[in-house]
J.: 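Next up is a structure, given as structure tokens.
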Amino acid sequence: MTETNQMLAMHHENDDLGKVEIAPEVIEVIAGIAATEVEGVAQMRGNFASGVAERLGKKNHGKGVKVDLTDDGIIVDVFCTMSFGVSIPTVAQKIQDNIRQALLTMTALEASEVNIHIVGIQFETQKSETDFQTEE
């Protein structure tokens with residue numbers, strides 16, 4: 001297995017201008033944004049450090065995404081929370097399709113695997129009618 005701090009080299013027919021390298025962190029950001037664009041995804045899972053950084057105003061677009069560069073290709077793991085009431089298989093398929101399309105469009109790279117891990121369900125928190133009556 002290859003280390004994740006390695007760069008992906010882009011190869012084209014005409015290499016006269018130099019080479020292009022893409023960091024795995026870039027793939028994480030692209031996949032994170034593509035996943036959050038899908039309707040039904042409530043939020044992406046992060047760790048304590050990313051939560052503190054977001055509270056301080058820094059948006060972490062790669063949160064909840066893990067990229068592994070292997071000899072077989074690029075493996076993307078996405079950890080997300082779904083909204084209550086959505087069809088999990090349908091939303092997961094849309095996430096996979098959106099990530100594959102975004103990676104192909106932006107980097108010309110194809111992921112060999114896009115694995116979706118559902119780590120929770122977010123319920124809507126609405127005030128009930130009794131809460132409104134007690135506030136008056």
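The figures here come from the full heavy-atom set of this structure, side chains too, leaving out hydrogens, waters and symmetry mates.
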J.: Would you sort out whether V78 and H117 count as a side-chain contact (heavy atoms from CB on, under 4.5 Å), showing the intermediate values?
T.: CA-CA 6 Å; V78 179; H117 306 273; 5.9 Å; no
J.: Give a yes or no on whether I116 and L104 share a hydrophobic cluster (residues Ile, Leu, Val, Met, Phe, Trp, Tyr; joining criterion: side-chain heavy atoms under 4.5 Å apart).
T.: no
J.: Looking only at non-hydrogen atoms, find the nearest pair between A31 and V76 and report the distance.
T.: CB-CG1, 4.1 Å
J.: Hey, what do you get for CG (L103) to CD1 (I30), rounding to the nearest 0.5 Å?
T.: 6.0 Å
J.: Are the side chain of R100 and the backbone of A111 linked by a donor-acceptor contact shorter than 3.5 Å?
T.: yes
J.: Applying side-chain contact (heavy atoms from CB on, under 4.5 Å) to I88 and I121, what does each step give before you reach the verdict?
T.: CA-CA 10 Å; I88 291 176; I121 300 292; 3.9 Å; yes
J.: To the nearest 0.5 Å, how far apart are OG1 in T81 and CD1 in I118?
T.: 8.5 Å
J.: Of the non-hydrogen atoms in A34 and A102, which two are nearest, and what is the gap between them?
T.: CB-CB, 3.9 Å
J.: For the pair Q122 (side chain) and S83 (backbone), establish whether a donor and an acceptor sit closer than 3.5 Å, ignoring hydrogens and angles.
T.: no
J.: Would I95 and M82 count as a side-chain contact (heavy atoms from CB on, under 4.5 Å) if you check the C-alpha gap in whole Å, the side-chain angles of each, and the deciding distance to 0.1 Å?
T.: CA-CA 11 Å; I95 294 170; M82 295 286 181; 3.9 Å; yes
J.: Going by atom types only, do D97 and Q101 share a side-chain donor-acceptor pair under 3.5 Å?
T.: no
J.: Using modelled atom types and a 3.5 Å cut-off, is there a donor and acceptor pairing between side-chain atoms of T36 and backbone atoms of I33?
T.: yes
J.: Nearest heavy-atom pair of E110 and I74: which atoms, and what distance?
T.: O-CD1, 4.3 Å
J.: How many angstroms lie between CG in L69 and CG in L109, if you round to the nearest 0.5 Å?
T.: 9.5 Å
J.: Distance check, rounded to the nearest 0.5 Å: D72 atom CG versus E113 atom CD?
T.: 8.0 Å
J.: May I ask you to decide if D77's main-chain N or O and N115's side chain share a donor-acceptor pair within less than 3.5 Å?
T.: no
J.: Given the rule that I, L, V, M, F, W and Y join up when any side-chain heavy atoms are under 4.5 Å apart, are I75 and V29 in one cluster?
T.: no
J.: Go through it in stages, so that I can follow the logic: the residues are V119 and C80, the test is side-chain contact (heavy atoms from CB on, under 4.5 Å), and I'd like the CA-CA distance, side-chain angles, deciding distance and then a yes or no.
T.: CA-CA 6 Å; V119 296; C80 58; 5.9 Å; no
